[in-house]
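Presented below is the structure to which this report refers.
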Amino acid sequence: MVEGGIPLKHKQDCDVKDERLPNGCGSKDLELGNLGTQKDLTKFSSDAEKSSDKADFERAIELTRYGKFHYLLLAVCGFVSTSEEMDVISMSFILPSAQCDLNLSTESKGWLNSIIFIGMMAGAYTWGSVADSLGRKKVLIASSFMNAICIVASSFSQSYELFMLFRFLNGAALGGSGPVIWSYFAEFQPKSKRGSMLSFMAAFWTLGNLFVAGLAWLIIPHQELGYRNQYFVYNSWRIFLLICAVPSFIVAVLLFFLPESPKFLLSQGRSEEAIAIFKHIYHINTGNDAEDYPVKHLIYEEEELTVEEKAKIANRGKYANMIVDIIDNSKQLFVSPILRYTIISITINFTFHIGYYGLMMWFPELFNRFDKYPGDSASVCEVTDYSIKMGLETNKCNPEISSSVFMESLITVAAALPSNIIAVLGMDRLGRKFFLVFSTVSSGLCSASMYFVYTKTHNLIVSAVFSSVISCGNAALDCLITEIFPTNLRATGIAISMVAARLGGVIGNIVIATLLDTYCPAPTFIVAGLLIGGGLLCLFLPNTTREPLS
């Protein structure tokens, strides 16, 4: 008998198990038969009521429902990705026109394509680490403003050296928005929709490609635009570059109106702020009063700090704590079990982006070379040899570019739209690994087949298919890399992966620029091998499809 409880009589005519006999026992006995005592019943009811307002992060984000806020978030974060891709890919459209103003050779074009990636390598780790310490939103706003200012400054640059400097700073700013925007967006998504929504955001890269290709087609061929005198030139490609800065200014302002990531706040122990954001999201999505949001307490498992550790943190300043966090986060990425994820993500990003940027940024240049070739049939290598020969013989720079070059570029990037739609619809059904393996193998085969094209039309078809299939892989890779790292290391982990991606962009552009003019067959087969080999490495990563964020 439990002290203070109501004794239960063990009667043969009273059975309170699963079978209820007619007139077998009283109602009071029936109520208490499985709970033991009235005190236990009261305790059970109290615990149930208390636990009903508690939830972990995944349950909390689900209870906000899915609605207006998430679609607004998608629009703003997608616009950040659009502006980033516009800034990166814009150089490929500038090169044929800027070669006269900046006195560019094929080698210097390769370095000009690469300098933005060198800047992104420098900025990615720094910004990503700061975002894991100070927050996602602040970093995104600061990097977007810096990015816009650097683009404007580069459009006014009159020398190759000054232009390179501002493109480097432009890349350093983009290094912040790239890794952080994926962490920020993913941390607002419930697990059931995260894959499709991250794929949806990846589609904004294609929109950026389309927008920049269309803008280049409308502006750059018009050589009469702009202002010129003997000291200063501001022509059509510079105006094009200036307009490309506008989206970065817009997203910097829009980000002011979005909240900080609640997942980040929770990882910092700021649960009250996280709940306030959940209430705000719930209010926007449902139209109900924010106080009707059912969760009052967030469950979060974290290591309990000792008194000495808490005192040490309190004694350090804000920026000293930030530096300690950055160093500690970096160390954790290279310690088991995270070490395996870090190495694989670095390798995949490196090989994938050698192919993605190594070829994508040279397509307009190849289209321009095909356009100026006098014959109807020629391989990529024959067209390249002719371009080099004519440049040496005439020693004259021709800044004029046929509008068909921009049209072909527009068709190439537009080919990625159907793939983006397929990725959005299938990412949470077929999984990240399926899309990544399919994409890298297919795009690798496309790269190898470029050696065998013999007409301008064939070149356009292969380029369009390459753009289409690699777009699927880009979405899958972004999803996978965003999800494998835990919250406190996510932005830093993505940033280090992005450093490898930008290094791939640098090497891809420099190697292709060098080998294209010296040993033409090599680039396409090197890219093919790297894409296929790197993509298959994803099979060694855990399945993150429809899984909670760690």
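Remark: aromatic rings of Phe278 and Phe57 are close, center separation under 6.0 Å. Checked against the 6.0 Å centroid criterion, the rings of Tyr184 and Phe264 do not qualify as a close aromatic pair. Ring centers of Phe204 and Phe79: at least 6.0 Å apart, outside the cut-off.
Ring geometry for Phe69 versus Phe188: interplanar angle of 30 to 60°, hence tilted.
Under the 3.5 Å distance criterion, the side-chain polar atoms of Ser439 are matched with a main-chain donor or acceptor of Gly473. With hydrogens and angles ignored, the 3.5 Å screen pairs a side-chain donor or acceptor of Arg429 with a backbone N or O of Leu425.
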- Item | side chain to side chain contact (heavy atoms under 4.5 Å, CB included) between Val88 and Phe117, worked out | CA-CA 8 Å; Val88 172; Phe117 296 115; 3.7 Å; yes
- Message: As a quick check of understanding, evaluate side chain to side chain contact (heavy atoms under 4.5 Å, CB included) for Phe466 and Tyr356, giving each step before the final call.
- Response: CA-CA 9 Å; Phe466 177 88; Tyr356 183 77; 5.6 Å; no
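Listed by chain and number, the residues in a salt bridge (Lys or Arg N to Asp or Glu O under 4.0 Å) with Glu273 are Arg270 (sequence neighbours excluded). In this view, Thr351 satisfies the side chain to side chain donor-acceptor pair (under 3.5 Å) rule with no residue, not counting sequence neighbours. Partners of Ser468 under the side chain to side chain donor-acceptor pair (under 3.5 Å) rule, at least two apart in sequence or in another chain, are Ser419. Thr82 meets the side chain to side chain donor-acceptor pair (under 3.5 Å) test with no other residue; sequence neighbours excluded. A search for side chain to side chain donor-acceptor pair (under 3.5 Å) contacts involving Ser261 returns Glu187, not counting sequence neighbours.
For Tyr160, the OH atom is densely surrounded, since the number of other residues' heavy atoms within 6.0 Å is greater than 12. More than 12 non-hydrogen atoms from other residues, nucleotides or ligands lie less than 6.0 angstrom from OH of Tyr66. Within 6.0 Å of CZ in Phe525 there are more than 12 heavy atoms belonging to other residues, nucleotides or ligands. Taking a 6.0 Å sphere around CZ of Phe200, one finds it holds 12 or fewer heavy atoms contributed by other residues, nucleotides or ligands.
Thr482 OG1 to Leu198 CG: the interatomic distance, rounded to the nearest 0.5 Å, is 5.5 Å. With values rounded to the nearest 0.5 angstrom, Ile151 atom CD1 is found 6.5 Å from Leu174 atom CG.
Among pairs with a residue in residues 456-465, those fulfilling side chain to side chain donor-acceptor pair (under 3.5 Å) read Asp371-Lys456, Glu408-Lys456, Thr455-His458, at least two apart in sequence or across chains.
Here Lys138 does not pair with Glu260 in a salt bridge; the nearest charged N to carboxylate O distance is not below 4.0 Å.
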